[in-house]
Amino acid sequence: MSDQPAAPTSVALLPQHPADGFTADPLGVLQEGHRRHGPVFRMPVDGVDTVLVGTWAGLGELFAAERGRLDVLNTPLVHDLFGRALFNLTADGHGEARRRLRPALSGRALPGYVPSLLDVIGPATEQWALHGTADLHGQVRELTGAMSARVLLGITPGETDAAQFAAAFEEFVAATGAPPGPARYADRRYWAGRSARRELHALFARRAAQLCGDAAGGSALAGLVAAFADAPHEAGPLADHLLALLIAARETTASLLIWCLVELAGNRQDAEYAAAEARTVAADPDRLVARDALPALRSVLAETLRLHAPNLLSIRKAVCPFTLAGHRIEAGTRVAYSPSAGHFDPEAFLRPGQFRPGRFLSGQASASRLWAFGGGAHACLGRPLAELMVLAVMAAALQRGIPHLPAGPPARISFRPAKAPIDPLPFALESLS
Ligand code: HEM
């Protein structure tokens with residue numbers, strides 16, 4: 001035996017896994033691929049040959065190797081619509097933009113957002129308690145949009161800008177469904193989206209100009225405007241970043257919220273523990289941002305992230321050759337990772353298919369083993385805010401009743417853009433008394 005590390009094998013020699021059944025059960029196919037072949041294998045994704053990376057070890061190695069070797073693979077459509085938004089930037093510009101965005105989305109900024117979030121959440125959860133809803137997904141997406149508009153732009157639900165923002169943002173989101181390549185120019189949604197983008201940029205500029213001190217109290221906008229006032233050109237314009245934040249927050253946060261509520265509906269005892277904690281939030285809302293507070297609610301959040309990570313795949317392109325798990329990846333190779341392909345590893349999570357939030361309370365499992373927010377150079381910047389929004393909605397809902405699904409859990413699920421029920425999902429809050 002030699003002490004020399006083995007020479008990397010070419011990517012062409014990577015084990016090839018069949019993509020059969022990927023649309024209906026993508027996670028099952030990815031898990032089976034990793035079970036058979038280890039952290040790295042090849043598989044066509046959307047008809048394109050792709051190197052799939054998963055498992056705890058595989059993702060750790062990927063994120064360590066990423067900087068300077070892998071770029072986010074965004075289509076010409078995404079570049080047109082999002083301009084120089086964070087996920088379209090590379091190298092120093094990307095790092096600079098992250099440094100400037102982060103403070104307003106985390107840490108000491110968060111307590112300032114709690115009252116405004118609770119103002120937005122109250123009427124929606126009250127409605128669920130009084131009348132229920134026939135379409136939880138639709139309502140949660142609307143609520144997520146309203147929370148993001150409130151925190152990121154300072155727009156309150158009743159004001160004139162709320163309707164204008166919602167309409168323009170819908171047009172913009174619709175444009176992301178246009179063909180990714182040259183055929184986009186023949187698609188009406190593309191041109192409507194470009195026009196919505198201009199309208200949204202004008203709205204952002206107007207909101208920013210109206211700020212005096214933190215006039216839009218309880219919003220990140222003042223902090224973001226200050227952070228980008230002297231930003232170098234390479235950091236990209238704040239208007240592009242704001243649209244990126246709004247889009248990144250939308251389907252993902254709504255997805256996590258839906259699955260938290262679905263799991264609470266199916267696990268009565270966990271819901272009752274969490275409800276007892278939720279009542280303490282009514283007296284002291286700052287518990288929502290205290291790291292060590294609300295262990296039961298936080299364990300429900302962690303277990304839901306484990307079982308229902310919103311994002312299925314994140315895609316990169318190698319910009320130079322490098323070695324990953326003993327394989328040489330050539331420049332130009334498409335590489336994708338699944339945040340949750342390691343979430344079902346029985347060595348890290350005993351009985352991985354079961355909803356058992358207690359595993360995070362007893363120290364049997366650690367939330368640091370979850371990759372639902374990605375990792376490495378492009379790790380989610382909105383994680384603290386997303387967790388705050390989801391905890392706040394869960395707490396407000398549980399103060400009013402125990403989640404109930406009159407027609408049972410979702411039967412059909414789609415996995416992209418984020419994991420969500422396909423059919424309308426009736427939902428209600430049942431009074432505890
Ligand atoms: C439950 C909710 C969320 C989940 C599961 C989630 C997940 C993720 C993941 C997996 C990535 C990495 C993508 C990649 O590797 O290409 C990411 C990136 C990102 N997320 Fe989130 N996200 C959530 C909510 C949010 C929110 C609320 C915001 C903003 C307010 C946000 C802003 C971003 C941004 C800006 C990036 C790109 C970072 C970069 O390219 O440097 N996310 N998110």
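Side chains included, hydrogens not; waters and symmetry mates left out as well; all remaining heavy atoms used. First listed ligand is number 1; within each ligand, the first listed atom is number 1.
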J.: Need the ligand 1 atom indices (1-based, order shown) with element for anything under 4.0 Å from a heavy-atom of Arg98.
T.: 38 (C), 39 (C), 41 (O)

J.: Within a radius below 2.8 Å of atom 21 (Fe) of ligand 1, how many protein N, O or S atoms are present?
T.: 1

J.: What distance separates Met389 CE from Leu385 CG, expressed to the nearest 0.5 Å?
T.: 4.0 Å

J.: Not counting sequence neighbours, which residues clear side-chain contact (heavy atoms from CB on, under 4.5 Å) with Arg351? List them please.
T.: Gln354, Arg356

J.: Assess the pair Phe41 and His34: is the distance between their ring centroids shorter than 6.0 Å?
T.: yes

J.: Are any of the heavy atoms in Trp371 under 4.0 Å away from ligand 1?
T.: no

J.: Can you name the atoms of ligand 1, numbered from 1 with element, that are less than 4.0 Å from a heavy atom of Leu256?
T.: 1 (C)

J.: Given His94, His378, Arg316, which has its nearest heavy atom closest to atom 16 (O) of ligand 1?
T.: Arg316

J.: Find all atoms of ligand 1 within a distance of less than 4.0 Å from any non-hydrogen atom belonging to Leu86, and give their numbers and elements.
T.: 35 (C), 38 (C), 39 (C), 41 (O)

J.: Can Ala244 be said to touch ligand 1, with heavy atoms closer than 4.0 Å?
T.: no

J.: Determine the minimum heavy-atom distance between Leu264 and Ala274, stating which atoms define it.
T.: CD2-CB, 4.5 Å

J.: Show me which atoms of ligand 1 lie under 4.0 Å from any heavy atom of Phe87.
T.: 40 (O)

J.: Regarding Glu330 and Arg328, does a basic nitrogen lie under 4.0 Å from an acidic carboxylate oxygen?
T.: yes

J.: Hey, does Thr156 have a side-chain heavy atom less than 4.5 Å from the side chain of Val120?
T.: no

J.: Which residue is it: Leu101, Leu203, Leu221, Leu200? I am looking for the one with a side-chain contact (heavy atoms from CB on, under 4.5 Å) to Leu242.
T.: Leu221

J.: Looking only at protein heavy atoms, which one is nearest to atom 13 (C) of ligand 1, and what is the separation?
T.: Ser314 OG, 3.5 Å

J.: Tell me, which pairs form a salt bridge (Lys or Arg N to Asp or Glu O under 4.0 Å) where one or both residues lie in residues 46-59, sequence neighbours left out?
T.: Arg42-Asp49, Asp46-Arg416

J.: Applying ring pair (Phe, Tyr, Trp, His ring centres under 6.0 Å), which residue pairs with at least one partner in residues 44-97 are found, sequence neighbours left out?
T.: Trp56-Trp371, Phe63-Tyr337, Phe63-Trp371, Phe82-Phe87, Phe82-Phe172, His94-His378

J.: List ligand 1 atoms under 4.0 Å from Ala372, heavy atoms only on the residue side.
T.: 5 (C), 7 (C), 10 (C)

J.: Which option out of Ala377, Pro310, Pro339 puts a heavy atom nearest to atom 5 (C) of ligand 1?
T.: Pro310

J.: Look at atom 30 (C) of ligand 1 and say which protein heavy atom is nearest, naming residue and atom and giving the distance to 0.1 Å.
T.: Leu385 CD2, 3.9 Å

J.: Looking at Arg206, I'd like to know if its CZ atom is crowded, meaning that more than 12 non-hydrogen atoms belonging to other residues, nucleotides or ligands lie closer than 6.0 Å.
T.: yes

J.: Is there a side-chain contact between Glu96 and Pro232 (heavy atoms, below 4.5 Å)?
T.: yes

J.: Does atom CZ of Arg383 have more than 12 heavy-atom neighbours from other groups under 6.0 Å away?
T.: yes

J.: I need the contact type for Thr253 against ligand 1. Using non-hydrogen atoms and a strict under-4.0 Å cut-off, is it side chain, backbone, both or neither?
T.: both

